[in-house]
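Here's the structure we're looking at; comments come further down.
Not measured: the values here are computed from a predicted model. The figures here come from the full heavy-atom set of this structure, side chains too, leaving out hydrogens, waters and symmetry mates.
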Amino acid sequence: MPGATRFDEWLLENTWRRKDFGAVPAGSSLKPVPGDSGLPLIGHSLEALRLGLDFGLKRYETYGPVSWMRAFGVNIVAAAGGDATQVVLTNKDKTFSQQGWTYFIGPFFRRGLMLLDFDEHMFHRRLMQQAFTRPRITGYLEHVASVAADGVSRWETGTFPVYPAMKQLTLDIAGRVFMASALGSEKDALNKAFVATVRAGTSMVRFSVPGGRWNAGLQGRKVLEDFFSRNVPAKRASDSNDLFSGLCHARDDNGEAFSDEDVVSHMIFLMMAAHDTSTITTTAAMYYLGKHPEWQDRVRAECFAAGSLDVEALEGLRELELVIKESLRLVAPVPSLARKTVRETEILGHYVPANTMIALGPWVNQMLPEYWSEPDRFDPERFGEDRREDKAHRYAWMPFGGGAHKCIGMHFGMLEVKTLLHQMLTRYRWSVPSDYRVRWDSTALPAPADGLPITLERL
């Protein structure tokens, strides 16, 4: 754990009295879920916030693929590893609801696509799919290339923290792609609002206290609602080729459209998901390319050889895609997924009561030695056709989620990250000190605790 304190080490190594979760019904052949409740009152909240992946791997090693803990005010059953993940995400009996997300982020991203269930989710997803057709993605990428080229070209050489700069750039891109306009003077306020809403979900004090993260998230939601609500009438009257307009005009086979409230909710969620995950992925790739200059030179040569940045050329950047996939494996942009049981069920022979919070661990899956050779090592070729370690299990590599809620914009997201890295690679060379190891802050979505300082020089 880079940058770990003695307290962090104590948290990770400490052991707690093992307890079984829930009473298995009489006569059942199912087993109870093993685990423990952690510290009094706060449970394992601190470990989850401070230790992230290391804590998830420790739980997996200690209890196996199905375990329980107390954290963030509730009991949570963790399902990690490919088989346990598959049970939950295939969800054959519609037992696992998205309402797990509602507990964590419902007040800040209510009625976002990820929080909708079953038939309602499929209705909204089908409508939203109209905004992610190949012709629309092609149009979006023209905006991505323009904003990325302008933004990257303005970066000054020398040493600076790249994460904040990249986050601002991806928000600019999201504004242009999703709204066909720059965010203008409200950009900083919107960025702060998105940060506040994302961080609020893991608050240990889960009610509105001035100065607290939960309260900041509620205020951030108000800022975002006000901004997008003001823009709905113009988008309903517009025929522009952007996602906001696409959502305003989307119709199902019966001519039914999204309400204004749903358009606003979807825009808030999509804008957050698009720019945050792209920021994390691009930053992680820059870190590993800075640590491995041989790979940086290799993908730079591919980018120069590719020439233009149309969709076909971006899709053809195979070496760069290997680097991105490996970066997504080593730093999962969405490290955990939440569900809630609507009835009693079982996971790998363990009894799980109704109304139980479920946490899935994509990041844990992507670091398990049963699927990955030397999982801590940066090795993009593990995704090459002659190895394809990601095929070890259907859910060994899952940076875009899985099942019915698999990321609707994953193809566009990959092309956006390729565009950003192409702009970087064809303009600059960068490095990080050989003894530097980034520490990923797990308070919300992974972010480099120090902003990831890189040394940038023009080619």
Side-chain angles (χ1 to χ4, degrees), residues 53 56-57 60-61 65 79-90 134 137 277-278 280-289 291-303 305-306 311-337 348 360-422 425 446:
L53 173 64
L57 289 170
Y60 184 85
E61 293 166 3
D83 292 343
T85 302
Q86 184 163 314
V87 170
V88 177
L89 290 186
T90 52
R134 190 172 181 85
I137 287 176
T277 55
S278 295
I280 295 164
T281 305
T282 310
T283 303
M286 291 186 67
Y287 168 66
Y288 288 109
L289 290 175
K291 292 286 284 185
H292 299 273
E294 73 283 3
W295 269 100
Q296 189 177 150
D297 291 340
R298 184 168 164 177
V299 293
R300 178 178 291 109
E302 181 186 47
C303 287
V311 174
E312 288 74 20
L314 287 170
E315 290 173 337
L317 295 173
R318 302 299 183 191
E319 300 267 278
L320 185 57
E321 187 161 318
L322 297 181
V323 168
I324 295 170
K325 285 182 173 180
E326 178 70 336
S327 300
L328 284 164
R329 183 187 72 83
L330 289 164
V331 186
V334 183
S336 61
L337 305 174
L348 301 187
L360 300 172
W363 203 354
V364 171
N365 291 13
Q366 294 174 183
M367 298 298 289
L368 294 177
E370 53 258 49
Y371 304 135
W372 308 95
S373 60
E374 299 181 80
D376 291 326
R377 187 164 68 92
F378 177 73
D379 181 11
E381 289 181 338
R382 69 174 80 242
F383 288 91
E385 290 303 321
D386 59 334
R387 288 174 61 185
R388 290 309 301 268
E389 291 186 12
D390 56 310
K391 297 295 185 181
H393 193 287
R394 181 180 179 183
Y395 292 103
W397 185 75
M398 46 180 298
F400 302 105
H405 283 82
K406 195 168 187 177
C407 177
I408 195 171
M410 62 182 181
H411 183 55
F412 169 69
M414 175 65 78
L415 295 176
E416 179 185 0
V417 173
K418 281 186 173 182
T419 302
L420 286 163
L421 289 170
H422 182 283
L425 288 158

Just how far is it from atom CG of Leu415 to atom NZ of Lys418, taken to the nearest 0.5 Å?
6.5 Å
Can you classify the ring geometry of Trp397 versus Phe383 as parallel (below 30°), tilted (30 to 60°) or perpendicular (above 60°)?
perpendicular
Quick check on side chain to side chain contact (heavy atoms under 4.5 Å, CB included): which of Glu302, Gln296, Arg298 does Arg300 satisfy it with?
Gln296
Check whether any side-chain heavy atom of Asp390 sits under 4.5 Å from a side-chain heavy atom of Trp372, and report yes or no.
yes
Is any side-chain N of the basic residue among Arg387 and Glu326 closer than 4.0 Å to the acidic one's carboxylate O?
no
Please assess Leu337 against Met398 for the test side-chain contact (heavy atoms from CB on, under 4.5 Å), listing each intermediate value before the final yes or no.
CA-CA 11 Å; Leu337 305 174; Met398 46 180 298; 3.9 Å; yes
Identify the heavy atoms of Ser327 and Ala285 that sit nearest to each other, and give their distance.
OG-CA, 3.3 Å
Could you tell me whether Glu389 and Arg377 have a side-chain N and a carboxylate O separated by less than 4.0 Å?
no
For Phe400, give me all partners under ring pair (Phe, Tyr, Trp, His ring centres under 6.0 Å), at least two apart in sequence or on another chain.
none
Using modelled atom types only, decide if a donor and an acceptor are shared between the side chain of Trp295 and the backbone of Asp379 within a distance under 3.5 Å.
no
Distance in Å, Arg382 CZ paired with Lys325 NZ, rounded so as to fall on 0.5 Å steps
13.5 Å
Roughly how far, to the nearest 0.5 Å, is the NZ atom of Lys406 from the CG atom of Leu89?
10.5 Å
Checking the side chain of Arg318 only, and the main-chain atoms of Glu315 only, is there a donor and an acceptor separated by less than 3.5 Å?
yes
What are the two closest non-hydrogen atoms of Gln366 and Ala332, and how far apart are they?
NE2-CB, 3.8 Å
Do Pro65 and Leu348 touch side chain to side chain, with heavy atoms closer than 4.5 Å?
yes
With a 4.5 Å cut-off on side-chain heavy atoms, are Leu421 and Leu317 touching?
no
Look only at the side chain of Trp363 and the backbone of Pro333, and say whether a donor-acceptor pair between them is shorter than 3.5 Å.
no
Glu370: which residues meet the side chain to side chain contact (heavy atoms under 4.5 Å, CB included) condition with it, sequence neighbours left out?
Tyr60, Leu368
Can you check whether Leu320 reaches Cys303 side chain to side chain, under 4.5 Å on heavy atoms?
yes
Tell me, do Val334 and Pro362 make a side-chain contact under 4.5 Å, heavy atoms counted?
no
For Gly81, does its backbone N or O pair with a side-chain atom of Asn365 as donor and acceptor, under 3.5 Å?
yes
Interatomic distance, Leu420 atom CG to Ile324 atom CD1 [nearest 0.5 angstrom]:
9.0 Å
Rounded to the nearest 0.5 Å, how far does CD of Glu319 lie from CD of Glu321?
11.0 Å
Applying side-chain contact (heavy atoms from CB on, under 4.5 Å) to Met367 and Asp376, what does each step give before you reach the verdict?
CA-CA 7 Å; Met367 298 298 289; Asp376 291 326; 3.2 Å; yes
From OG1 (Thr85) to NE2 (His393), nearest 0.5 Å
7.5 Å
Please answer whether the main-chain N or O of Pro375 pairs with a side-chain N or O of Arg329 as donor and acceptor at a distance below 3.5 Å.
yes
Pairwise side-chain contact, Leu330 with Phe378, heavy-atom cut-off 4.5 Å (strictly under):
yes
